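All remarks here apply to the structure that follows.
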Amino acid sequence: MEIPGLVVHGESAPFSTALRSLINNPLYSDVRFVVGQERQEVFAHRCLLACRCNFFQRLLGPELGPGLPSPVVLSTVPAEAFLAVLEFLYTNSVKLHRHSVLEVLTAALEYGLEELRELCLEFVVKVLDVELVCEALQVAVTFGLGLLQERCIAFIEAHSQEALRTRGFLELSAPALLPLLRSDKLCVDEAELVLAARSWARVGAAVLERPVAEVAAPVVQELRLALLAPAELSALEEQNRQEPLIPVRTRGTDSDLLSSVGNGAGDAAQGLRGEGALRDTTMTGLPLQVEQIVEAWKCHALRRGDAARGARCRRRRGTLPREHHRFLDLPFK
């Protein structure tokens, strides 16, 4: 009987070094890419890319023909990230950097490189900091990376004030911002959250060329205005008249209701005349949806916790104490 053959392995380091020398090397290259907004030219080897990645196998099919074809344009991936992808494909290893790892992660997700994706995720978790966390959260939400999203939210909960001041926070999409504003564990007061939401909406309005209130509409419903003191609510109401942030969706003429509620907790109590008055105005068709500011004034007017049950008046970890909070009777848990 013939003795089965035995697979023996040579030194891996020289092999990896030899393949690394071919990265972006025109020698023997048979495919050329133009990548990123900077349109950097990158050389590669079709057979190696095709055997390592199904995305490139489909992209670099036989229809390209022999030799150096016209450049394959990949404008959405930055050159540095694309070279990192090539490094992984050629050597099965990659040197990651904090400033570019999210772009490499995005490329790995788009190209279906599962192992590279996991390496990037491990690296992101290790280097996560205030400047990186909101950008990482956006990538996690965009691509449905649940575990990374949880890590990012937990980090922001612990470093809320610092994270809210970053450029990454201002550039979050509404779907990425919503889970943050729903968290009870944010270490920040509600007044600061309102300011941060306004800054976020202003940036979005400038980029999208839409009104601030329209951009803010998906997220302001998560602000807990009942936690604000009467003076703060009055100031917010006045600022909202000058630059609308809290949308008002009404039917008919509800200006009398808003004015009666917006003059302080004492006036609110008289204007609302208790829960029944508010319920009656809704039934008679004045407000189609009671404005959040009105609901916040209602909590002050009724001075009863059961009038404000629910997430919108639940204290957060960073909520500063105010005199009226004892009426809410909703301590943080």
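Values below: every heavy atom of this structure, side chains too, minus hydrogens, waters and symmetry copies. Since the model is a prediction, treat every value here as computed from it, not as a measurement.
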Please step through side chain to side chain contact (heavy atoms under 4.5 Å, CB included) for the pair Leu48 and Leu19, ending with a clear verdict. CA-CA 10 Å; Leu48 197 151; Leu19 285 177; 4.2 Å; yes

Taking it one step at a time, do Glu232 and Leu225 satisfy side chain to side chain contact (heavy atoms under 4.5 Å, CB included)? CA-CA 9 Å; Glu232 294 171 308; Leu225 302 185; over 6 Å; no

Worked check of side chain to side chain contact (heavy atoms under 4.5 Å, CB included) between Leu178 and Glu222: CA-CA 7 Å; Leu178 283 172; Glu222 304 302 328; 3.8 Å; yes

Test Leu128 against Val124 for side chain to side chain contact (heavy atoms under 4.5 Å, CB included), laying out the working first. CA-CA 6 Å; Leu128 202 61; Val124 170; 4.2 Å; yes

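Proximity of Phe43 to Val31: side-chain heavy atoms (C-beta onward) are nowhere separated by under 4.5 Å. Between Thr76 and Gln37 the shortest side-chain heavy-atom distance does not fall below 4.5 Å. Residues Val212 and Pro244 have side chains not in contact (no heavy-atom distance under 4.5 Å, counting atoms from C-beta outward). With contacts defined as side-chain heavy-atom distances shorter than 4.5 Å, the pair Phe143/Leu105 does not qualify. A 4.5 Å side-chain heavy-atom check between Arg52 and Asn92 finds at least one atom pair inside the cut-off. The shortest distance between side-chain heavy atoms of Ser75 and Val35 does not fall below 4.5 Å. Side-chain atoms of Val194 and Val220, non-hydrogen and from C-beta on, never get closer than 4.5 Å to each other.
Applying the side chain to side chain donor-acceptor pair (under 3.5 Å) test to pairs two or more places apart or on separate chains, those with a residue in residues 78-90 are Arg20-Glu87, His45-Tyr90, Glu80-His99, Glu80-Ser100. Note on residues 4-16: no pairs pass side chain to side chain donor-acceptor pair (under 3.5 Å), not counting sequence neighbours. Sequence neighbours left out, the pairs with a member in residues 187-196 that pass side chain to side chain donor-acceptor pair (under 3.5 Å) are Gln161-Glu192, Asp189-Arg322, Glu190-Arg316.
Every side chain to side chain contact (heavy atoms under 4.5 Å, CB included) that Arg98 has, sequence neighbours left out, goes to Val127, Asp129, Glu131, Leu132. Scanning for salt bridge (Lys or Arg N to Asp or Glu O under 4.0 Å) contacts around Glu122 gives an empty result, with sequence neighbours left out. Tyr111 meets the ring pair (Phe, Tyr, Trp, His ring centres under 6.0 Å) test with Phe55, Phe56; sequence neighbours excluded. Applying the ring pair (Phe, Tyr, Trp, His ring centres under 6.0 Å) criterion to Phe82, with sequence neighbours excluded, gives Phe33. With sequence neighbours excluded, the residues forming a side chain to side chain contact (heavy atoms under 4.5 Å, CB included) with Asn25 are Leu27, listed by chain and number. Residues meeting the salt bridge (Lys or Arg N to Asp or Glu O under 4.0 Å) test with Glu114, sequence neighbours left out: Arg117. With sequence neighbours excluded, the residues that form a side chain to side chain contact (heavy atoms under 4.5 Å, CB included) with Arg210 are Leu208, Glu214, Val215. With sequence neighbours excluded, the residues satisfying side chain to side chain contact (heavy atoms under 4.5 Å, CB included) with Glu135 are Leu102.
Linking Ile, Leu, Val, Met, Phe, Trp and Tyr residues whenever their side-chain heavy atoms come within less than 4.5 Å places Val77 and Ile23 in a single cluster. Linking ILVMFWY side-chain heavy atoms closer than 4.5 Å, directly or via other members, places Leu227 and Leu195 in two distinct hydrophobic clusters.
Residue Cys120 comes nearest to Val101 through the heavy atom pair O-CG2, 4.0 Å, listed as atom of the first residue, atom of the second, then distance. A pairwise comparison of heavy atoms in Asn24 and Val42 identifies OD1-CA, 3.2 Å as the closest pair. Nearest heavy-atom pair, Cys187 versus Ser160, reported as atom, atom and distance to 0.1 Å: N-OG, 2.8 Å.
In this structure, the side chain of Ser21 engages the main chain of Ala18 through a donor-acceptor pair within 3.5 Å. Of the possible polar contacts, none joining the Trp200 side chain to the Glu171 backbone as a donor-acceptor pair under 3.5 Å is found.
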Pairs of donor and acceptor atoms involving the side chains of residues 144-159, under 3.5 Å and at least two apart or interchain, shall be tabulated with distances.
| unit_1 | atom_1 | unit_2 | atom_2 | d |
| --- | --- | --- | --- | --- |
| Glu157 | OE2 | Ser183 | OG | 2.6 |
| His159 | ND1 | Phe155 | O | 3.0 |

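The existence of a salt bridge linking Asp184 and Arg317 is excluded, since no basic side-chain nitrogen approaches an acidic carboxylate oxygen closer than 4.0 Å.
Thr142 and Gln138 share a donor-acceptor pair across their side chains, judged by distance under 3.5 Å alone.
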